[in-house]
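Right, one structure below, let's go through it.
Here is the naming used below: chain letters follow the sequence lines, and residue numbers restart at 1 for every chain.
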Amino acid sequence: MPVHNADVAFIFNRIADLLDIRGDNPFRIRAYRNAARTVGELSTSISEMVDKGDDLSKLAGIGKDLADKIEKIVATGSLPFLEELETEVPPDLSELFKIRGLGPRKIAILHEQLDISTLMDLQRSLDNKKIRQLNGFGKKTEQNMREEFKRLARSRQRLKLSIADEIAGQLVDYLKKTKGIKKVKIAGSYRRRRETVGDLDILVTHGKDAQVMERFTDYEDVKKIIAQGETRSSVVLKSDVQVDLRAVDEESYGAALHYFTGSKTHNIAVRKIAVRNNLKINEYGVFKGEKRLAGHTEKEVYEQVGLPFIPPELRENRGEIEDAQKGELPFLLTIKDIRGDLHTHTSKTDGHAGLEEMARAASRHGYDYLGITEHSRHLKVAGGLDAAELRKHMDAIDRLNEKLDGILLLKGIEVDILKDGSLDLGDDILRELDFTVCSVHSEFSLSRTKQTERIIRAMDNRYFQILGHPSGRLINERPPYEVDMEKVIQAAAEKNCAMELNANPDRLDLNDIYLKFARELGVKVAISTDAHSVEGLNNMRYGIGQARRGWIEAEDVLNTRTWKELKEIFNRRKGFPV
DNA sequence: GCCGTTTTCGGCCCGACTGTTTTCAGTCG
C-alpha cells in the first residue's frame with residue numbers, strides 16, 4: 001500500500017496534537033503542523049519524491065529531521081516517534097480537541113486529574129458533575145461542554161460555498177440596515193473563495209453609537225451567543241453555522257480586512273516581513289513604534305511591507321508572497337474574460353430547459369457561444385443519446401443557429417469514458433462534432449492504477465478534447481475516485497488535452513492545487529457550469545473563484561477565447577487542417 | 001523543529017474574549 005501525502009500529513013498532525021497535550025515547545029508543535037500542511041497540499045506525490053531521491057528539506061518548513069521522518073514513513077508506513085508518543089499520551093485523547101473550549105492545557109488537566117482519555121470518559125465525568133470541582137473549571141465550562149456534545153452529535157460539516165452565500169447574504173442585508181453602519185464585508189475563507197467554508201467572518205465599520213453588536217446578536221436566526229464584546233462577537237445560527245462579527249474604525253478597515261481574510265499562514269508570513277522591517281502589523285494597522293503608517297486599505301498595508309496587493313484567492317502562503325516580491329503575481333482571470341460555456345445539458349437528456357431557452361439565457365450572460373453537451377448512450381439514467389439521436393440533435397442545433405442572433409450553439413457531447421478507456425460513441429460521429437467533453441460516470445471503484453490508465457487511454461482518442469469533472473467528487477457527499485491526478489494532468493500536457501474545471505458548487509472539480517499544477521504544465525482549462533437548467537449557468541462565478549485560487553489567468557482558459565480561436569485549438573487536436 | 005537582508009543561535013504574529021479568579025491563563029481566530 002503506497003503512502004500518500006495525506007498519510008504523512010495525518011501522522012504529523014497527530015504528533016502535533018500529542019506534543020501539545022504533553023506541553024511540549026509550542027514552536028516545535030507548529031513545525032509539525034506546518035510540515036503537515038506543506039505535504040498535504042503538495043501536488044506531487046511525496047512517495048515518488050522519496051523514490052527519486054529528491055531533497056525534501058527544500059520544501060517549506062521541512063528540515064533535515066522532518067525529511068528523515070518522511071522517508072521513514074514512506075518506507076514503512078509508520079513512524080517510531082509517533083508510536084513512542086502514543087505510549088506516553090493516550091492516542092484517543094486528541095479527540096477532545098473537537099470540543100470547542102478545550103485546548104491542550106485543559107485536556108491535560110482532565111487526563112491527569114480525572115483519568116479522562118476519551119470523549120466517552122468526558123461525557124461520563126460531565127454526568128457525574130466531577131469537572132466543576134477541578135481548578136480552572138466551573139459550572140459554565142461544564143454547560144458549554146454539554147452543548148458541544150450536542151453540536152458534535154449533529155456532526156456539522158464545512159459549508160459548501162453556495163450555501164454559505166445564501167446564509168451570509170441574508171445576514172449582510174440585515175446588518176446593512178443597522179443605523180449608523182458604514183461598511184459590511186464578508187472576510188475569511190468565504191472571501192478567499194474556498195470551496196467550503198467553516199465559519200463566516202463578517203467585518204463592519206460604523207459611526208459612533210451604532211448598536212451593531214446588539215443588532216447582530218438579536219438576529220432572528222441566532223441560536224446561541226458564544227461571545228459578545230465591543231469589537232467582536234460570535235454566534236451560532238440555527239443552521240449551526242458559526243458567525244464571527246468584528247467591528248473596527250474606518251482607519252483600520254484595510255488592516256482588519258486583511259487580517260480577517262487570512263489565511264492564517266499568509267498573515268503570519270506577511271507579519272514576519274513586517275517584523276524584519278521593524279514594523280508591527282495587527283488588525284488596526286501597520287505601526288512603527290506607536291506611529292500608524294497604514295490601515296485604511298489593504299493595498300496600503302501591503303505597500304508598507306513592500307508588496308503589491310495580493311488577491312484574496314491567492315492568500316494561502318503557497319508562494320504568492322515570494323512571487324509578489326518578485327513582481328510575478330499572476331494576472332488572475334475574471335468573469336468578464338469568459339466568452340462562453342462548454343458543458344451544458346438540455347431537456348433532450350437530463351436537463352430542464354430546451355435548446356432555445358438555454359441559448360437565450362447564455363446570450364443574457366453576454367456569451368458568444370454555448371456548448372451543448374448531452375450525455376451519451378452508456379449513461380442510461382440520464383437518457384444518454386446514441387449516434388442516431390445525437391445526429392438528430394445536431395441537426396436541431398444547426399437549424400436553431402440559423403435563427404439565433406449573437407449567440408452560437410456548439411455541437412458537443414459529454415461522452416462516457418468506458419471501463420477499458422474507449423469512448424462510448426464511435427469516431428464517425430465524434431468527428432462531426434465541434435468538440436467533446438469526456439467523463440467518467442461508472443466504475444468509480446477501479447484501482448488507482450487502472451483508473452489512471454483508463455483515463456489516459458481515453459486521451460489517445462483524437463476526438464478527446466476536455467476531461468469532464470476530472471476527479472468525480474461531490475463535495476461533502478462523495479470522495480474522488482482513486483486516480484493519480486498528477487499523471488493524468490501530465491498526460492493531458494503531452495497529448496494536448498484540456499482539463500475541465502466544473503463550476504458546479506457541488507463539484508468544483510478540479511481543485512485549486514491541481515489547477516495550479518495544470519497551469520504550470522501549460523495544460524488548458526475549460527471552466528464550465530455543467531448546467532442542467534437556465535439557473536445552472538449562474539454557477540460560472542464559483543468556477544471563476546476556484547480558478548483564481550488555482551492561479552489561473554485568462555490565457556490558461558479555453559472559454560476565454562473567441563470561437564474562431566477555439567475552433568483552431570480543437571481542430572489541431574483532431575488532426576484536421578487549420 | 002525550522003530558519004537566516006541584524007542570525008548557525010535565538011528567535012519564532014498578534015490581539016479579543018471567557019471563565020474563573022482577584023490579576024490572568026487558556027482558547028480562539
Going by an N to O cut-off under 4.0 Å, is there a salt bridge joining [X] and [Y]?
X	Y	result
A:Arg132	A:Glu142	yes
A:Lys177	A:Asp173	no
A:Lys326	A:Glu322	no

Just the rounded figure in Å: distance from [atom2] of [N] to [atom1] of [X].
X	N	atom1	atom2	value
A:Tyr32	B:dC3	OH	P	14 Å
A:Asp249	B:dG15	CG	P	16 Å
A:Asp55	B:dC2	CG	P	12 Å
A:Arg33	B:dC12	CZ	C1'	16 Å
A:Ile226	B:dA16	CD1	P	19 Å
A:Asn278	B:dT5	CG	P	15 Å
A:His258	B:dC14	NE2	P	13 Å
A:Lys272	B:dC14	NZ	C1'	14 Å

Among [range], which ones have heavy-atom contacts with DNA chain B below 4.0 Å?
range	answer
residues 287-303 of chain A	none
residues 15-27 of chain A	A:Asn25, A:Phe27
residues 63-73 of chain A	A:Gly63, A:Lys64, A:Asp65, A:Leu66, A:Lys69

- Message: Suppose we screen for ring-ring contact (aromatic ring centres under 6.0 Å, His included). Which residues come up paired with A:His258, at least two apart in sequence or across chains?
- Response: A:His266, A:Tyr302

- Which residues pass the ring-ring contact (aromatic ring centres under 6.0 Å, His included) test with A:Phe81, sequence neighbours left out?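 With neighbours one apart ignored, the set is empty.
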
- Identify the heavy atoms of A:Ser189 and A:Arg158 that sit nearest to each other, and give their distance. OG-NH2, 4.0 Å

Please check if the number of heavy atoms outside [X] that lie under 6.0 Å from its [atom1] is greater than 12.
X	atom1	result
A:Lys64	NZ	no
A:Glu328	CD	yes
A:Lys179	NZ	no

- Which residue pairs pass the side-chain hydrogen bond (donor to acceptor under 3.5 Å, both in side chains) test with at least one member in residues 268-279 of chain A, sequence neighbours excluded? none

- Task: Return no unless some side-chain N or O of A:Asn282 is found under 4.0 Å from OP1 or OP2 of B:dG15.
- Result: yes

- Ignoring backbone atoms, establish whether A:Asn144 has a side-chain N or O less than 4.0 Å from OP1 or OP2 of B:dG19. yes

If we take the [atom1] atom in both [N] and [M], what is their distance in whole Å?
N	M	atom1	result
B:dT5	B:dA16	P	31 Å
B:dC14	B:dT21	C1'	25 Å
B:dT7	B:dG11	P	13 Å
B:dC17	B:dC12	P	25 Å
B:dT8	B:dC3	C1'	9 Å
B:dT20	B:dA25	C1'	10 Å

- Task: Tell me, with the steps shown, if A:Leu501 and A:Ile552 meet side-chain contact (heavy atoms from CB on, under 4.5 Å).
- Result: CA-CA 11 Å; A:Leu501 160 51; A:Ile552 298 288; over 6 Å; no

- Task: Applying side-chain hydrogen bond (donor to acceptor under 3.5 Å, both in side chains), name anything that partners A:Arg549, two or more places apart in sequence or on another chain.
- Result: A:Glu316, A:Asp512

- Please identify each residue that fulfils side-chain hydrogen bond (donor to acceptor under 3.5 Å, both in side chains) with A:Ser125, with sequence neighbours left out. none

- Query: Counting any heavy atom closer than 4.0 Å, what does A:Ile281 reach on the DNA or RNA strands: base, sugar-phosphate only, or nothing?
  - Reply: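 Sugar-phosphate only.
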
- Query: Touch check for A:Val270, heavy atoms < 4.0 angstrom, all strands: base, sugar-phosphate only, or nothing?
  - Reply: nothing

- Going 5' to 3' through nucleotides 20-29 of chain B, assign each nucleotide B (protein heavy atom under 4.0 Å from a base atom), S (under 4.0 Å only from sugar-phosphate atoms) or - (no protein heavy atom that close). SS----SSSB

Using atom types as modelled, flag every donor-acceptor pair under 3.5 Å from a side chain in residues 279-291 of chain A to any protein atom, sequence neighbours excluded.
from	atom 1	to	atom 2	distance (Å)
A:Asn282	OD1	A:Tyr284	N	2.8
A:Asn282	OD1	A:Gly285	N	3.2

- Query: Of all residues at least two apart in sequence or in a different chain, which pass the side-chain contact (heavy atoms from CB on, under 4.5 Å) check with A:Pro480?
  - Reply: A:Ser471, A:Arg473

- Task: Quick one: classify the glycosidic conformation of B:dT5 as syn or anti, with syn meaning within 90° of 0.
- Result: anti

Would you give me the side-chain donor-acceptor pairs under 3.5 Å for residues 11-28 of chain A, sequence neighbours excluded?
from	atom 1	to	atom 2	distance (Å)
A:Arg14	NE	A:Glu86	OE2	3.1
A:Arg14	NH1	A:Ser94	OG	3.4
A:Arg14	NH2	A:Pro91	O	3.0
A:Asp17	OD1	A:Arg33	NH1	3.2
A:Asp17	OD1	A:Arg33	NH2	3.1
A:Arg22	NE	A:Asp24	OD2	3.4
A:Arg22	NH1	A:Glu88	OE1	3.2
A:Arg22	NH1	A:Glu88	OE2	3.1
A:Arg22	NH2	A:Asp24	OD2	2.6
A:Asp24	OD1	A:Arg28	NH1	3.2
A:Asp24	OD2	A:Arg28	NH1	3.2
A:Asn25	OD1	A:Phe27	N	2.9

- Query: With both distances under 3.5 Å as the test, what is the Watson-Crick or G-U wobble partner of B:dG26?
  - Reply: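 Here B:dG26 is engaged in a pair, and the nucleotide opposite it is B:dC17.
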
- Kindly point out which of B:dC13, B:dC14, B:dA16 is positioned nearest to the side chain of A:Tyr284?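 For the A:Tyr284 side chain, the nearest candidate turns out to be B:dA16.
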
- Nearest-nucleotide comparison on DNA chain B, the residue closer to the 5′ end among A:Ile268 and A:Asn277: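 Comparing both residues, the 5'-ward one is A:Asn277.
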
